[in-house]
Amino acid sequence: MSATLDIGAGPLKDIATAERLARRRRRTNYLVAGLCTLATIIGLIGLMSILFTLCWRGFGGLRLTVFTRVTLPAGSNGGLLNAIVGSLIQTAIGTAIGTPIGLMVGTYLSEYARSSALGNAVRFVSDVLLSAPSILIGLFVYQIVVSPMGGFSGIAGAIALAIIVIPIVVRTTEDMLRLIPISLREAAVALGAPKWKMIVLICYRAAREGITTGVLLAIARVAGETAPLLFTSLGNLNWSVNLGREMSSLPVTIYNYAGSAFEDLVQLAWVGALLITAGVLALNILARLVLRRRT
């Protein structure tokens with residue numbers, strides 16, 4: 001007796017079953033794609049409404065006196081010169097302090113302590129610091145800098161911003177150095193180069209675009225921070241570039257003016273928010289361009 005195998009049996013060979021499965025998969029695909037599209041549209045509408053409101057309210061008060069006069073009492077046609085300069089000074093010093101530290105720590109994690117217990121501990125602390133609320137950093141600097149110095153100061157604000165910069169640069173530096181092929185390191189060592197020279201001349205050059213991108217993103221992050229500056233540099237309505245005294249900044253000025261009962265001060269708050277947004281947007285675009293050049 002010979003048994004005949006029915007190769008047409010089973011759901012895979014059943015045309016009706018296959019069509020039902022295909023229709024169900026198409027419906028699921030359309031449903032998920034529709035939900036994703038809807039979520040994207042909602043997000044874009046929210047973002048565009050914020051940008052539209054910011055431009056509409058901000059451009060209305062944008063004038064030359066904003067950049068040439070310091071903050072003055074209501075009705076005095078004041079500007080934001082001291083706040084702009086204070087933000088630039090504190091951001092520049094914070095970046096100058098935090099970037100080398102973050103670069104060295106990231107290099108240590110990538111090149112010297114990749115799988116060690118100490119490296120894992122440092123990496124864990126860096127990741128925790130990266131996600132820590134900025135107000136906690138402000139309180140920390142207040143305890144270790146502001147209280148011993150006996151008052152608020154611009155240098156305390158710069159230190160708070162530097163602490164925010166460090167974990168961003170650490171993470172970016174480590175990730176970029178890990179992407180460098182091991183063959184480049186082996187070639188440098190084979191030619192007799194010491195490890196420090198291999199890192200400086202080979203690894204840093206190969207990862208400089210990515211590291212630069214991380215620094216730019218860190219600057220964009222700290223440029224709009226308000227909470228740590230409230231506990232460190234506090235703010236100053238007068239012109240001051242003395243790092244040992246209270247120093248004005250755009251985020252703190254926006255915070256103070258946004259809830260004012262005077263329309264001209266509220267208008268200055270909108271202008272300050274527009275300036276910060278434009279600066280952060282420019283830095284992000286620059287970072288994208290640098291990253292695109294790398295890839």
Side-chain angles (χ1 to χ4, degrees), residues 29 32-33 36 39-40 43-44 47 91-134 137 158-225 278-295:
N29 180 67
V32 173
C36 292
T40 302
L44 289 176
L47 178 61
T91 302
I93 295 177
T95 304
I97 295 174
T99 298
I101 297 175
L103 182 64
M104 289 186 289
V105 174
T107 303
Y108 171 77
L109 293 177
S110 175
E111 303 297 328
Y112 295 97
R114 180 166 296 194
S115 300
S116 66
L118 178 59
N120 292 332
V122 173
R123 188 177 296 108
F124 174 77
V125 172
S126 176
D127 292 340
V128 171
L129 187 60
L130 182 64
S131 58
S134 59
I137 297 175
I159 292 174
L161 297 183
I163 295 176
I164 299 175
V165 168
I166 289 173
I168 301 176
V169 178
V170 168
R171 173 54 62 189
T172 305
T173 301
E174 182 184 6
D175 291 343
M176 291 300 104
L177 290 178
R178 283 177 176 268
L179 293 177
I180 299 175
I182 192 65
S183 58
L184 290 178
R185 296 180 172 86
E186 293 174 346
V189 174
L191 293 175
K195 188 168 185 177
W196 71 267
K197 186 171 291 187
M198 177 266 294
I199 295 173
V200 174
L201 298 181
I202 303 298
C203 296
Y204 281 171
R205 288 188 177 182
R208 59 187 176 187
E209 289 85 0
I211 295 174
T212 303
T213 301
V215 174
L216 293 176
L217 293 177
I219 296 173
R221 162 78 185 276
V222 301
E225 287 291 346
V280 172
L281 179 61
L283 286 175
N284 277 278
I285 292 175
L286 181 60
R288 297 267 182 182
L289 292 176
V290 171
L291 184 61
R292 181 177 298 178
R293 179 184 174 188
R294 173 180 172 81
T295 56

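- The shortest non-hydrogen separation linking Val280 to Ala223 is CG2-CB, 4.4 Å.
- Taking CG from Leu177 and OH from Tyr204, the interatomic distance works out to 6.5 Å, rounded to the nearest 0.5 Å.
- Residues Met176 and Gly210 approach most closely at SD-CA, 3.5 Å, considering heavy atoms.
- Residues Gly119 and Leu109 approach most closely at O-CD2, 3.3 Å, considering heavy atoms.
- Other residues, nucleotides and ligands place more than 12 heavy atoms under 6.0 Å from the NZ atom of Lys195.
- Going from atom OG1 of Thr173 over to atom CD1 of Ile168 covers 11.5 Å, rounded to the nearest 0.5 Å.
- Ser115 and Asn120 get closest at one heavy-atom pair: O-ND2, 3.9 Å.
- From Ile219, atom CD1 reaches atom OG1 of Thr95 across 4.0 Å, with rounding to the nearest 0.5 Å.
- The side chain to side chain contact (heavy atoms under 4.5 Å, CB included) test with Arg221 is passed by exactly one of Leu161, Val165, Ile164, Leu283: Ile164.
- Nearest approach of Ile163 to Leu129, heavy atoms of both residues: O-CD2, 3.9 Å.
- To the nearest 0.5 Å, the span separating CD on Glu174 from CZ on Arg123 amounts to 4.0 Å.
- Side chains of Thr213 and Thr172 form no contact here, defined as non-hydrogen atoms less than 4.5 Å apart.
- Atom CD1 in Ile211 sits 10.5 Å away from atom OG1 in Thr99 (nearest 0.5 Å).
- In terms of heavy-atom proximity, Ile180 sits nearest to Arg185 at O-NH1, 3.0 Å.
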side-chain contact (heavy atoms from CB on, under 4.5 Å) between Tyr108 and Leu118, worked out | CA-CA 10 Å; Tyr108 171 77; Leu118 178 59; 3.1 Å; yes
